[in-house]
Colleague: 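Attaching a single structure in structure tokens format; questions to follow.
Below, each value reflects all heavy atoms present in this structure, side chains not excepted, and no hydrogens, waters or symmetry copies.
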Amino acid sequence: MSVEEELWPNVLDALTQKLKKINLPHQVANVKTFEDKIGKVLENLTVRQKIATFISKCAEVQHMKNGSTASRLRDKGNEKFKLKDNEGALKLYTESIIMAPEFGPELSLAFGNRSATHFQLGDWSAALCDINMALNNKYPRNLEYKILQRKAQCLIRLGSFTQALEVLDKCEETIAAAKLKEDKALSVNRDLDAMRQELSTLLSKEDKSPRTESKECVSPEFENQSLPEANPKLILKESNDKVRGRFVVTDNNIDEGEILFSELPYSGVLLPDQYSTHCHHCFRKYTALMPCRKCTQPRYCSVECLQAAVPVHQHECGQLDLLHSVGIGHLAVRTVLVTGIEQLIKLRPRIKAGTYGYSNDDHYSRVYSLMHHADKMKEDEIFQYTVTAALLAMYLAKRTKFLFPNRGPLSEEEIDDDLVNYIGGLILRHLCQLVGNAHAVTELKESDNGIVQQVRLATAIYSSASMINHCCVPNIINQFNGNRLLVRATRSIKNGEEVYNCYGPHYRRHPYAERQEMLLTQYKFRCQCVACSNPKERNFLKQFEARLCDFCNGPVIENQCQDCDKVISSVDYENEIDLVVANILQLNINKNNQNKSANNLQIKLELEVLENCEKKLAHLLYKHNYHLAKVRDMLAENYTSVGDFDKAAAYVRKSLETTEARYGSDSIETGHELLKYSDLLLAQKTTGCSVDPKHLLQVLKQARNIFLLNYGDGSKYYLELQNKILAIS
């Protein structure tokens, strides 16, 4: 069997086709409860054998610890350290820490060596953390004095003078155990005496007044009786309409930019391609990672995250390749693991009786009651979800102690089928829920050339924020601080208004038909929001391809003006528009073929052509047509390159109007246009041109607020704009 054939999606496809011959997918689809669906597929011998085979092939011996490898990596790190290649040494010591077994000297030695590298790099906090890890993992007694001396030096640099004195006392006690030669012992003691004298001086000069430490910006934590972890100004309501279900409305006026939700996930899983940079538990970037003690895959940003992850990771340790293979199924099983077997068994009678529902006091109930739409799924789809859930339930039974904590490895005959079916049914329910309720946890990543992209880090369940219904015209934006979801209002929301999220298809980015298809396929509903129910709003994106109305200058779509409703013939215009657009395209091709350093004569020739194109298109096309916007962008770029900032700014102003119409006044695209416009206004100012200072300040503040709303106050663009505002205020 090839590698491709062994992938779980391919196994599922082959199994589905095979079992269609005995009508099993149809039978499973018609079974009422999730638990009974699991029981139905596990009754089938072919399914059980395929699951058993797949589980056995996913043994992860390649991710086991190895002491000799850890030692070899540490030796290579030592070589880099001697050559003062601290970055290279840091990487190798970190790899050594990951590979080092839980017991034995390698783990403590690797932490100790990495602490020296952090110290050389001036990262005293990271060095101190590594020193404590080395000491907690039985650092060799004969070397302990060295690392304690380094610990005292870190504490001095961090301003913890009294604690540093205590460490020096411990350091003196360990010198005897090191059995140093007399001259070496004298040298070490001299160093300790010098540090004591330094500390004595520092303590005498230490300011005894209370310190006001600068604290990291902390996300708010809300108390809300109706909707946990939501702003108290929000309430949860439920309609009699099964399609609409529960929804969120305001109980007070909401300001633009106000935080509506500050929510930690019930459960979440980091994507495998982020393991090398982000914490497996809180999803933040780490510097001095802490690895799992038993396997080499998950890494944590701190001891606290490592310890917090143990109750769940103990059931995944050494099995992550299998869990990665089932995609979002990993989050479904993680949800069950987070809840715990004791709680799930306790809830079993209520779940089987159908009396277990939403409760603010029970977080799992809020996850359990999320919509799943299993009844609207196709037969093959629900069958494959069921087999996947059965695989995960059997994995828990055979490879972990989750289902049977007090029993060793079980044979096939010893497994409690009823319990497996019950847990499998819960996993299946969560799988179906995640299709429409999982949140993609993202991080803003800025490239060297200044382009900012949203990078997906993880997938998680936020039960309260999931109560927000979809609208193609949303009034909120999602941001993430590690694994904490922050939901902000993109505009003011009046008391009694509903709060709307966008589930993906936004009316400014996706045409009506595409939006409807996306929502129906994934979320199983047809959207009836204002952008979908109003015939003119459905044509929103078409205006950016529209011609100009001869009567009112409105957009002509399908030969009818959207403003005055007059029917406009297209015969006279199409050929002329095509000729001008072809001219622009040819100009672009010529420009790409030329050297980047085009001379002023070439630029002036281009400007003549572009000015002519702009005038013709302005008489033919609607003012926000994308062809017209493209020409104006090119004109602004060329005028900037020849230093004519006044004309460049004039064209950027027109492009800005189109960008606002296309993407919205609070969009990041508008923010970049405003940034470009403000740069031209500042350039005009430096060349002696008259610039209205109030207008410039207004532009800068508008751009700043957009970047604050979309990227937060740590964004490069936000900080740049804030500095400009301060400079001219």
Side-chain angles (χ1 to χ4, degrees), residues 1-59 319 321-333 335-336 341 344 348 351-352 372-400 402-404 407 409-435:
M1 185 179 288
S2 69
V3 174
E4 285 294 319
E5 289 173 324
E6 292 178 351
L7 296 175
W8 183 244
N10 297 335
V11 170
L12 279 177
D13 287 341
L15 200 58
T16 304
Q17 293 306 313
K18 182 176 182 178
L19 294 174
K20 273 186 175 182
K21 296 176 182 177
I22 60 168
N23 211 28
L24 187 59
H26 177 72
Q27 294 170 27
V28 170
N30 286 329
V31 172
K32 288 187 177 180
T33 70
F34 290 114
E35 183 175 338
D36 289 343
K37 288 180 190 293
I38 298 294
K40 188 68 178 176
V41 297
L42 287 179
E43 284 176 4
N44 184 276
L45 184 60
T46 301
V47 173
R48 289 187 78 98
Q49 287 177 340
K50 186 61 71 175
I51 285 173
T53 301
F54 191 83
I55 290 174
S56 67
K57 285 182 178 179
C58 287
Q319 309 292 331
D321 276 357
L322 183 150
L323 294 170
H324 297 160
S325 70
V326 295
I328 204 166
H330 186 185
L331 182 53
V333 78
T335 303
V336 166
I341 191 63
L344 294 175
R348 191 176 183 184
I351 287 174
K352 288 181 75 71
H372 55 71
H373 298 301
D375 55 329
K376 297 179 182 178
M377 292 181 179
K378 296 177 181 177
E379 286 184 2
D380 287 6
E381 187 179 12
I382 192 64
F383 175 73
Q384 294 195 355
Y385 280 143
T386 305
V387 176
T388 299
L391 165 77
L392 293 168
M394 291 300 291
Y395 143 73
L396 290 177
K398 300 176 80 171
R399 287 296 184 90
T400 78
F402 180 74
L403 294 183
F404 313 105
R407 294 166 67 181
L410 301 174
S411 67
E412 192 80 16
E413 293 75 21
E414 294 176 300
I415 291 175
D416 182 345
D417 288 339
D418 285 344
L419 184 57
V420 171
N421 291 347
Y422 167 62
I423 297 299
L426 293 176
I427 295 171
L428 175 56
R429 181 186 185 92
H430 296 319
L431 257 174
C432 295
Q433 289 171 327
L434 292 172
V435 177

Colleague: Run the numbers on Leu426 and Tyr422 for side chain to side chain contact (heavy atoms under 4.5 Å, CB included), then give the verdict.
Modeller: CA-CA 6 Å; Leu426 293 176; Tyr422 167 62; 3.8 Å; yes
Colleague: Just verifying a value: how many Å separate Ile38 CD1 and Leu428 CG, rounded to the nearest 0.5 Å?
Modeller: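 Ile38 CD1 to Leu428 CG: 5.0 Å, rounded to 0.5 Å.
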Colleague: Any side-chain heavy atom of Leu396 sitting closer than 4.5 Å to one from Leu392?
Modeller: no
Colleague: Would Phe383 and Val387 count as a side chain to side chain contact (heavy atoms under 4.5 Å, CB included) if you check the C-alpha gap in whole Å, the side-chain angles of each, and the deciding distance to 0.1 Å?
Modeller: CA-CA 6 Å; Phe383 175 73; Val387 176; 3.7 Å; yes
Colleague: Nearest heavy-atom pair of Leu434 and Ala332: which atoms, and what distance?
Modeller: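 So the minimum-distance heavy-atom pair works out to CD1-N, 3.6 Å.
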Colleague: With sequence neighbours excluded, tell me which residues meet side chain to side chain donor-acceptor pair (under 3.5 Å) with Thr46.
Modeller: none
Colleague: Checking side chain to side chain contact (heavy atoms under 4.5 Å, CB included) for the pair Val326/Tyr395: CA distance, chi angles, key distance, verdict?
Modeller: CA-CA 12 Å; Val326 295; Tyr395 143 73; over 6 Å; no
Colleague: Return yes if a side-chain donor-acceptor contact under 3.5 Å exists between Gln384 and Asp13, otherwise no.
Modeller: yes
Colleague: How many angstroms lie between CG in Leu15 and CD in Gln49, if you round to the nearest 0.5 Å?
Modeller: 11.0 Å
Colleague: Can you tell if the side chain of Ile382 reaches within under 4.5 Å of the side chain of Cys432, non-hydrogen atoms only?
Modeller: yes
Colleague: With rounding to the nearest 0.5 Å, note down the distance linking CZ in Arg48 to OG1 in Thr53.
Modeller: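 So the gap between those two atoms works out to 12.5 Å.
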Colleague: Got a sec, which pairs hit salt bridge (Lys or Arg N to Asp or Glu O under 4.0 Å) with one end in residues 15-30, sequence neighbours left out?
Modeller: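 Passing the test, one end in residues 15-30: Lys20-Asp380.
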Colleague: Please find the pair of heavy atoms, one from Gly424 and one from Ala389, that lie closest to each other, and give the distance.
Modeller: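 So the minimum-distance heavy-atom pair works out to O-CB, 3.6 Å.
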Colleague: Verify side chain to side chain contact (heavy atoms under 4.5 Å, CB included) between Ile55 and Met394, making sure each step is shown before the conclusion.
Modeller: CA-CA 9 Å; Ile55 290 174; Met394 291 300 291; 4.1 Å; yes
Colleague: Please name the pair of heavy atoms, one in Arg399 and one in Ser56, separated by the smallest distance, quoted to 0.1 Å.
Modeller: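 In this case the closest contact between Arg399 and Ser56 is NH2-CA, 3.5 Å.
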Colleague: Let me confirm one number: the CG-OG1 distance from Leu391 to Thr386, rounded to the nearest 0.5 Å.
Modeller: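 Rounded to the nearest 0.5 Å, the CG-OG1 separation comes to 12.5 Å.
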Colleague: With no hydrogens and no angle check, is any side-chain donor or acceptor of Asn44 less than 3.5 Å from a backbone partner on Lys40?
Modeller: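 No; judged by distance alone, with no hydrogens or angles, the pair does not exist.
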Colleague: Looking at every non-hydrogen atom in both residues, tell me the closest pair between Val336 and His430 and how far apart they are.
Modeller: CG2-CD2, 4.0 Å
Colleague: Using side-chain heavy atoms (C-beta onward) and a distance below 4.5 Å, is Leu42 in contact with Asp417?
Modeller: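 No, side chains not in contact.
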Colleague: Specify the closest pair of heavy atoms between Gly425 and Phe34, including all atoms of both residues, with the distance to one decimal.
Modeller: O-CB, 3.4 Å
Colleague: Which class fits the ring pair Trp8 and Phe54: parallel under 30°, tilted 30 to 60°, perpendicular over 60°?
Modeller: tilted
Colleague: To the nearest 0.5 Å, how far apart are CG in Leu7 and CG in Leu12?
Modeller: 11.0 Å
Colleague: When you measure from the side chain of Glu35 to the backbone N and O of Lys352, does any donor-acceptor pair fall under 3.5 Å?
Modeller: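 Checking the backbone N and O of Lys352 against the side chain of Glu35, no donor-acceptor pair under 3.5 Å is found.
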Colleague: Is Ile351 close to Arg429 at the side-chain level, that is, under 4.5 Å between some pair of heavy atoms?
Modeller: no
Colleague: May I ask you to decide if Ala29's main-chain N or O and Lys37's side chain share a donor-acceptor pair within less than 3.5 Å?
Modeller: yes
Colleague: Could you tell me the separation between the CD atom of Glu381 and the OG1 atom of Thr16, rounded to the nearest 0.5 Å?
Modeller: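 Here the interatomic distance stands at 11.0 Å.
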